[in-house]
2 protein chains.
Amino acid sequence: MQTGTTKTSNEQPRRARRRVTIADVANHLGVTKSTVSRALNGYTDISDSTRLRISRAAERLGYRPLSHAQAIRTGRVRSLGLVLQVDNEDSARPFLADFIAGVTQAASAENWTVTIATSETERGVQETLSRLVDEHKADGFILPRTRSRDKRVEALRAQNIPFIMFGRTEDPTGCSWYDIKGEDAMRAATARLASQGHKRIAHVPGGSEYTYSKLRIGGYRDGLAAAGLSIDPALITAPAITHDGGEAATRSLLMMAEPPTAITFAVDRAALGAYRVAQDLGLHIGSDFSVIAYDGIPEGAYANPALTTFAVNSRQAGDRLASLLIKRIRGAAPEELRELAPATLVERGSDGPPRLTPAELAQCLKDIQKREVQWEEPT
Amino acid sequence: MQTGTTKTSNEQPRRARRRVTIADVANHLGVTKSTVSRALNGYTDISDSTRLRISRAAERLGYRPLSHAQAIRTGRVRSLGLVLQVDNEDSARPFLADFIAGVTQAASAENWTVTIATSETERGVQETLSRLVDEHKADGFILPRTRSRDKRVEALRAQNIPFIMFGRTEDPTGCSWYDIKGEDAMRAATARLASQGHKRIAHVPGGSEYTYSKLRIGGYRDGLAAAGLSIDPALITAPAITHDGGEAATRSLLMMAEPPTAITFAVDRAALGAYRVAQDLGLHIGSDFSVIAYDGIPEGAYANPALTTFAVNSRQAGDRLASLLIKRIRGAAPEELRELAPATLVERGSDGPPRLTPAELAQCLKDIQKREVQWEEPT
DNA sequence: CTTCTTGCCGAAACCGGTTTCGGAAACTTT
DNA sequence: AAAGTTTCCGAAACCGGTTTCGGCAAGAAG
């Protein structure tokens with residue numbers, strides 16, 4: 001006998017049992033869906049007693065509303081968008097895990113989720129972002145590494161979509177942000193070096209398209225001024241954000257007639273390039289010349305001597321960004337959502353009182369160069 | 001005159017213009033929603049001519065279906081779930097950026113998104129995972145760092161929710177995976193050391209709760225056997241996955257009566273602990289004793305001498321995992337979705353022919369210890 | 001005892017899609 | 001020419017929620 005609709009009861013449960021829906025809860029209690037919905041969403045026109053009955057029943061039946069089912073009416077998917085640019089090499093690398101941990105943690109705390117995407121190019125980021133916007137995959141976006149003029153900002157602002165920046169822009173209209181006071185850090189770095197006795201202090205800035213770069217240069221200048229040192233434009237090199245870039249910048253500085261005895265770097269990674277130069281020339285970082293940088297990447301701790309740097313708390317940054325963005329999505333005015341936090345100095349071995357004056361250092365470097373030429377001659 | 005419903009046309013566009021919906025497309029063409037939907041989703045009962053008209057109109061009007069609106073009927077949100085455990089310190093750190101890049105890239109290629117979450121504890125991961133499942137935030141999940149017996153696997157399997165593992169488990173029933181052949185790498189590492197002339201080769205395994213640990217130990221054993229070397233259980237230490245752990249393991253090995261002249265590490269990070277021991281005792285890695293590890297973390301390149309290791313391509317792993325998971329969600333049988341890839345040897349300076357025999361090394365270490373005692377005595 | 005509030009909840013529309021069902025028109029077959 | 005097939009699309013139900021609207025009953029005011 002075949003019964004088409006009857007299933008033998010002990011078949012393997014291939015389809016997971018049906019979800020419990022709001023209708024299930026309603027039927028179970030003999031009320032309507034609308035009552036359940038309003039009870040669970042805190043409407044005031046539901047009596048406390050029914051609200052209690054309903055929330056208890058919902059709990060007991062294991063009812064969890066589908067956020068995407070809610071979204072279709074409310075327009076909120078309860079998700080934060082994060083589009084990262086992951087370059088060919090390193091860049092954001094070490095920060096990322098902490099940053100993401102911070103973001104997701106804050107999101108989870110509010111029962112939100114994080115939708116993440118990546119691209120290798122700036123254009124790709126743009127496109128991915130607009131895809132996520134078009135499909136409404138997130139209610140708002142976190143924009144890391146903001147540029148002075150940022151296309152993402154312009155696009156989102158034009159469409160009135162909530163966003164928050166990790167960094168600042170030229171035009172703050174309608175913008176919210178969380179940022180680290182890199183300017184303060186650079187001012188402090190310069191001041192510290194000056195107090196150690198350095199008279200010529202250089203600065204290797206970061207990518208000129210980013211706001212932070214200008215801010216940190218400003219901090220460097222302020223630090224010099226505060227210490228009563230003159231500002232020599234030649235002591236500010238071309239931007240450098242990689243090992244190679246930092247190496248080149250360092251070489252160019254040391255080749256000056258009156259080289260600096262200390263260098264501030266806007267970015268740790270560039271500072272690590274200076275180590276190569278030092279090793280190459282047989283100079284000791286921390287005495288022959290000093291280095292202070294910014295970021296707090298792990299490699300800095302392993303360098304020899306370990307890199308003195310201003311560390312940023314990426315985890316906290318992610319956390320704050322997510323929290324602020326959620327507030328923004330819930331309706332807070334963008335102007336009220338602006339936070340700045342300090343970087344924290346990690347004192348290590350790459351800075352100290354200068355062993356030589358700039359002139360002596362120049363002489364020393366000349367000697368080294370001569371020796372190297374001698375080595376090469378016999379060949 | 002006040003007209004309640006009329007807006008002066010040049011008000012600022014505070015609400016973004018209304019989305020174009022499927023109904024808009026339908027009305028525009030004088031057809032019904034259902035026709036548009038079927039045309040766009042490749043149903044065969046729509047004539048080619050109308051399909052073309054519709055897809056063109058949709059394109060021109062800029063229609064993008066809301067995935068969460070689709071989801072309510074189809075049950076698919078077109079999103080992959082990724083719950084990471086980010087420990088107090090490092091662990092997954094360096095891999096992460098590449099891994100995420102791989103996952104999101106493959107997802108984007110199919111117009112899917114990635115929903116990411118983190119937790120610090122194993123329990124937290126479990127809870128977060130089940131929350132995402134309950135709210136159906138993703139159609140399937142990628143499970144990194146699978147354990148031999150993995151609760152996440154059990155939970156998902158029981159609920160019949162698609163998932164794919166980065167790693168393998170004891171019980172493969174209903175499981176899909178992508179994994180790196182760590183066993184092959186360890187076999188090759190051991191063989192390499194044996195061919196360099198090492199007679200006593202040790203192994204420092206990874207966390208015993210992970211499958212990879214057992215596999216790599218197996219590879220190490222196979223390598224010894226293939227080289228005709230006997231297996232000394234004393235040469236397999238307690239698990240170590242951190243600097244400290246690796247340091248302790250190395251010390252314990254070198255304190256043996258007949259110490260190994262080469263050590264294979266299941267994990268780079270533990271291998272870096274051996275460098276501390278070497279520095280401490282004044283031994284040269286690569287000649288006094290050799291080290292080969294596994295993972296390919298960036299720090300290994302900076303170590304001195306640079307660490308010889310078997311590197312895994314995290315980006316590719318993420319990419320493959322996402323692709324396989326999407327296939328799984330689309331209905332492929334789990335047994336058909338199992339891939340293994342090789343790790344690639346990065347030959348650097350931490351291994352080489354042994355300068356000393358085990359006996360000589362033991363004597364050498366005894367001398368060092370004596371000297372240290374002498375230093376201490378006078379105090 | 002009426003009338004006016006207020007509190008509380010049900011009925012039904014709605015959000016933006018998908019899917020089932022059925023029927024008109026065109027096309028074959030006999 | 002009648003009957004049987006196909007092809008193609010409209011009508012309507014549906015998915016799982018939210019929100020508007022209105023009405024009944026209880027309490028307050030007159």
Side-chain angles (χ1 to χ4, degrees), chain A residues 15-55 57-58 61-79 111 133-137 139 330, chain B residues 15-55 57-58 61-79 111 133-137 139 330:
Chain A
R15 279 325 285 162
R17 73 202 175 297
R18 211 173 59 79
R19 295 184 53 85
V20 9
T21 74
I22 195 172
D24 296 332
V25 179
N27 293 338
H28 183 78
L29 258 47
V31 298
T32 60
K33 294 195 301 176
S34 70
T35 305
V36 176
S37 174
R38 284 176 308 198
L40 261 28
N41 290 317
Y43 279 58
T44 55
D45 64 346
I46 300 291
S47 74
D48 287 342
S49 63
T50 23
R51 183 191 311 287
L52 199 64
R53 267 175 63 219
I54 289 178
S55 59
L61 298 179
Y63 168 64
R64 309 289 297 265
L66 289 175
S67 62
H68 55 266
Q70 313 189 105
I72 173 184
R73 191 73 221 265
T74 63
R76 294 270 169 75
V77 291
R78 289 227 316 268
S79 174
N111 236 287
V133 166
D134 285 348
E135 301 188 356
H136 200 129
K137 288 288 198 172
D139 301 313
R330 290 188 172 142
Chain B
R15 278 323 288 163
R17 77 204 173 295
R18 212 174 57 80
R19 293 184 54 83
V20 9
T21 73
I22 196 171
D24 295 332
V25 180
N27 293 338
H28 183 77
L29 258 48
V31 298
T32 60
K33 294 193 303 175
S34 70
T35 304
V36 176
S37 173
R38 283 176 310 198
L40 261 28
N41 290 317
Y43 279 58
T44 55
D45 64 347
I46 300 292
S47 74
D48 287 342
S49 63
T50 21
R51 184 191 310 287
L52 199 64
R53 269 175 60 220
I54 290 177
S55 59
L61 298 180
Y63 168 64
R64 309 289 297 265
L66 289 175
S67 62
H68 56 265
Q70 314 189 103
I72 173 184
R73 191 73 220 266
T74 64
R76 294 271 167 75
V77 291
R78 290 227 316 270
S79 174
N111 235 288
V133 166
D134 285 347
E135 300 188 358
H136 199 130
K137 288 288 197 171
D139 301 313
R330 289 188 172 144

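A quick note: this is a predicted structure, and the numbers were derived from the prediction, not measured. The chains referred to below are lettered A, B, ... by the order of the sequence lines, with proteins before strands, and numbering in each begins at 1.
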Quiz item: Given atom CG of A/L40 and atom P of D/dG16, what is their separation to the nearest angstrom?
Solution: 17 Å
Quiz item: Atom CG of B/D48 to atom P of D/dC8: distance rounded to whole Å?
Solution: 8 Å
Exercise. To the nearest Å, give me how far apart NE2 (B/H68) and C1' (D/dG17) are.
Key: 12 Å
Exercise. Send over the distance from A/N41 CG to D/dT19 P, rounded to a whole Å.
Key: 7 Å
Practice problem: Record whether the side chain of A/R38 comes under 3.5 Å of the base of D/dT20 through a donor-acceptor pair of N or O atoms. | Solution: yes
Quiz item: Would you say the side chain of B/H136 lies within less than 4.5 Å of the side chain of A/R64, judging by non-hydrogen atoms?
Solution: no
Quiz item: Which nucleotide, C/dT19, D/dT18, C/dG10, lies nearest any side-chain atom of A/V31?
Solution: C/dG10
Quiz item: Taking for each residue the nucleotide of DNA chain C bearing the nearest heavy atom, is the 5' side occupied by A/I46 or by B/K33?
Solution: A/I46
Self-check item: Proximity to the side chain of A/T32 - top-ranked nucleotide from D/dG10, C/dC15, C/dG10
Solution: C/dG10
Exercise. Among C/dT20, C/dG16, C/dC9, find the nucleotide with the atom closest to the side chain of B/L66.
Key: C/dG16
Quiz item: So, is B/Y63 close to the C/dG17 phosphate, meaning a side-chain N or O under 4.0 Å from OP1 or OP2?
Solution: yes
Practice problem: Looking at every strand, decide which applies to B/S47 at a 4.0 Å heavy-atom threshold: base, sugar-phosphate, or nothing. | Solution: sugar-phosphate
Quiz prompt | Residues B/H68, A/Q70; criterion side-chain contact (heavy atoms from CB on, under 4.5 Å); working and verdict | solution = CA-CA 9 Å; B/H68 56 265; A/Q70 313 189 105; over 6 Å; no
Exercise. Would you indicate which nucleotide in C/dT18, C/dC9, D/dC9 comes nearest to any side-chain atom of B/T35?
Key: D/dC9
Quiz item: Of B/S34 and A/D45, whose nearest nucleotide on DNA chain D comes first from the 5' end?
Solution: B/S34
Quiz item: Is a side-chain donor-acceptor pair under 3.5 Å present for B/S34 with B/S37?
Solution: no
Exercise. Please state how far atom NE2 in B/H136 lies from atom P in D/dG17, giving the value in whole angstrom units.
Key: 13 Å
Quiz prompt | Test item: A/T50 and A/R53 side chains (from C-beta on) under 4.5 Å apart, heavy atoms | solution = yes
Practice problem: Have a look at B/T74 and say if it touches a base, only the backbone sugar-phosphate, or nothing, with a 4.0 Å heavy-atom cut-off. | Solution: sugar-phosphate
Practice problem: Would you indicate what B/T21 reaches in the nucleic acid, counting non-hydrogen atoms under 4.0 angstrom: base, sugar-phosphate, or nothing? | Solution: sugar-phosphate
Self-check item: Separation of atom CD1 in A/I72 from atom C1' in D/dT19, rounded to whole Å
Solution: 13 Å
Quiz item: Quick one: A/Y43 OH to D/dT18 P, roughly how many Å, whole number?
Solution: 8 Å
Practice problem: Report the distance from atom CZ of B/R51 to atom P of D/dC9, rounded to the nearest whole Å. | Solution: 9 Å
Quiz item: Taking atom CG of A/L29 and atom CG of A/D24, what is their separation to the nearest 0.5 Å?
Solution: 11.5 Å
